[in-house]
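Notes follow once the structure below has been shown.
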Amino acid sequence: MSTPTTRDQAPTPSEPAVRRRTGRWIEHWDPEDKTLWEDGGRRTARRNLVLSIFAEFLGFGVWAIWSIVVPQLPAAGFDLTVDQMFWLISVPSLVGATLRIPYTFAVPVFGGRNWTIVSALLLLLPAGALVLTVGDPTTPFPVLLAAAALAGLGGGNFASSMANISFFFPEKEKGAALGWNAAGGNIGTAAVQLAVPLVIVTGAGVALDRAGLIFIPFILLAAFLAWRHMDNLSTAKADPRSFGVAVHHKHTWVISFIYIGTFGSFIGYAGAFPTLLAAQFPQVAIPLAFVGALVGSVARPLGGILADRVGGARVTIGSFGVMALGAVGAIAALGSGSFALFFGSFLGLFVATGVGNGSVYRMIPAVFRASGGTAKAAAGCIGIAGAIGAFGGFLIPRGFALSTTSAGSIVPALWLFIGVYAVMALVCWLVYGRGAMAEARV
């Protein structure tokens with residue numbers, strides 16, 4: 001009978017020797033071994049998944065915290081330009097996207113449990129920086145920008161969490177596990193946009209420092225639970241060659257370009273939506289902003305399900321079409337002053353980004369199989385596309401900032417985004433919607 005062997009157990013002669021390290025290390029782990037999987041392996045994997053989701057949920061929440069704090073800064077006495085406010089929203093995405101690839105390699109180097117502890121505790125830095133900076137309206141803008149940049153640490157957590165969970169599950173259950181892990185993290189954006197406006201309100205105004213303080217006990221809890229109940233896998237090995245192989249494969253860059261339009265739009269719109277609502281419809285309560293990120297998060301699994309049935313390329317192209325229609329609806333709403341149309345159009349746009357996220361991730365292994373690529377190249381593509389796609393979270397708020405500064409309206413930015421979605425849909429159709437790729441229903 002095969003069972004996962006931890007450092008507290010003596011390995012049997014049939015198990016490979018593993019050099020001794022501190023921490024909860026499982027020396028023998030093969031989720032494809034049905035006996036091991038049924039005799040405690042599934043339970044171990046699910047325990048690590050649940051705790052990973054909790055830590056990643058907090059990471060996404062910290063990553064998005066400035067999206068809901070920024071619209072409240074004027075009420076707290078801060079005198080910032082529109083451009084400065086959008087910088088505070090966009091810089092966490094820039095930092096988070098940059099950290100994704102190094103965070104991916106941290107899991108095999110330090111262990112999934114160990115890195116979950118470290119990455120969770122690192123969230124104390126942006127939470128603490130927020131507490132220290134937003135309480136004083138005279139805080140210089142560069143200091144605020146540095147504090148916002150630290151929130152990017154939460155964006156890196158997604159990559160390490162996904163890499164860690166991928167080692168725990170067999171191939172037939174890996175997609176579902178990673179889907180739950182991703183969705184659980186994404187919902188952190190919606191949760192922070194719902195909770196923070198409620199906790200910062202006081203009888204005398206707003207207490208923005210509470211936005212950081214509320215995270216601290218949960219961060220400490222996540223680190224404790226990871227220390228107490230998660231595991232490291234000695235069998236989890238880094239493979240930098242997968243990134244090298246993927247870099248030289250054209251589909252890596254095509255898919256990364258497309259993923260900027262789906263995941264980048266989700267992160268970018270989620271970050272900017274509270275500020276857009278406050279600027280365009282100040283009479284409407286900002287707490288409604290959380291609905292956008294929520295529907296975008298829960299729609300992600302739907303994208304994978306639809307892609308399995310009709311093909312990822314078709315679903316992705318359809319998603320870009322709906323995103324363009326949502327942007328057109330938002331432009332019409334601004335012309336008519338209709339909040340209901342504006343809000344509904346953005347909700348449709350958010351749903352389309354979530355569906356597109358799920359369909360693009362489903363496309364990656366199918367594309368590499370159909371093109372004669374290797375599983376190693378597909379794995380590298382997932383890491384690269386995830387990092388590049390996140391840069392959209394920087395580009396979209398900056399687009400809104402430049403549009404507002406130069407034209408006094410976000411309408412030019414929305415027309416630009418519509419044009420980009422049209423180009424991305426065309427590229428997806430030309431590369432994956434015809435010929436052998438279409439026959440393979442990638």
Side-chain angles (χ1 to χ4, degrees), residues 51-70 87-107 109-134 142-165 181-182 184-189 191-193 196 209 211-227 230 263-264 267-268 270-271 293 383 386-394 397:
L51 296 178
S52 175
I53 289 174
F54 180 48
E56 190 195 344
F57 171 87
L58 294 175
F60 261 86
V62 169
W63 198 17
I65 187 65
W66 283 86
S67 71
I68 199 66
V69 165
V70 167
W87 267 113
L88 294 176
I89 293 169
S90 60
V91 75
S93 292
L94 180 65
V95 174
T98 305
L99 289 175
R100 283 194 161 195
I101 289 180
Y103 264 57
T104 298
F105 287 109
V107 169
V109 172
F110 300 102
R113 164 192 176 262
N114 293 350
W115 186 249
T116 301
I117 297 170
V118 171
S119 61
L121 292 176
L122 284 173
L123 298 178
L124 293 172
L125 295 177
L130 179 67
V131 172
L132 294 175
T133 55
V134 299
V143 176
L144 289 174
L145 192 63
L150 284 174
L153 290 167
N157 281 16
F158 176 84
S160 58
S161 179
M162 294 291 276
N164 182 41
I165 293 305
N181 200 51
N186 288 172
I187 290 175
T189 303
V192 73
Q193 291 182 348
V196 166
D209 58 334
L213 291 172
I214 192 176
F215 274 99
I216 292 176
F218 291 106
I219 291 170
L220 295 175
L221 176 61
F224 171 77
L225 292 176
W227 170 77
M230 288 187 73
F263 182 71
I267 291 296
I388 293 177
F391 281 106
F394 172 78

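When a residue number appears, it is its place in the shown sequence, counting from 1.
- Counting heavy atoms from C-beta outward, I65 and F215 have side chains that approach closer than 4.5 Å.
- Heavy atoms only, all atoms of each residue included: I117 and A223 are closest at CG1-O, 3.8 Å.
- Distance CG/L225 to CG/L220: 11.0 Å, rounded to 0.5 Å.
- P397 places none of its side-chain heavy atoms less than 4.5 Å from the side chain of F394.
- We find the CD1-OG1 distance between I165 and T116 to be 7.5 Å, quoted to the nearest 0.5 Å.
- Under the 30°/60° scheme for interplanar angles, the aromatic rings of F60 and W63 are found to stand perpendicular.
- Aromatic ring orientation, W115 versus F110: parallel (interplanar angle below 30°, classes split at 30° and 60°).
- Taking all atoms of both residues into account, the shortest heavy-atom contact from L99 to G156 is CB-CA, 4.2 Å.
- Here the side chain of Q193 pairs a donor or acceptor atom with the backbone of A270 at under 3.5 angstrom.
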Pair N181-F158, side-chain contact (heavy atoms from CB on, under 4.5 Å): steps then yes or no: CA-CA 9 Å; N181 200 51; F158 176 84; 6.0 Å; no
Could you give me the CA-CA distance, side-chain angles and deciding distance for V91 and W66, then say whether side-chain contact (heavy atoms from CB on, under 4.5 Å) is met? CA-CA 10 Å; V91 75; W66 283 86; over 6 Å; no
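- L88 places a side-chain heavy atom less than 4.5 Å from the side chain of L145.
- With contacts defined as side-chain heavy-atom distances shorter than 4.5 Å, the pair N157/V62 does not qualify.
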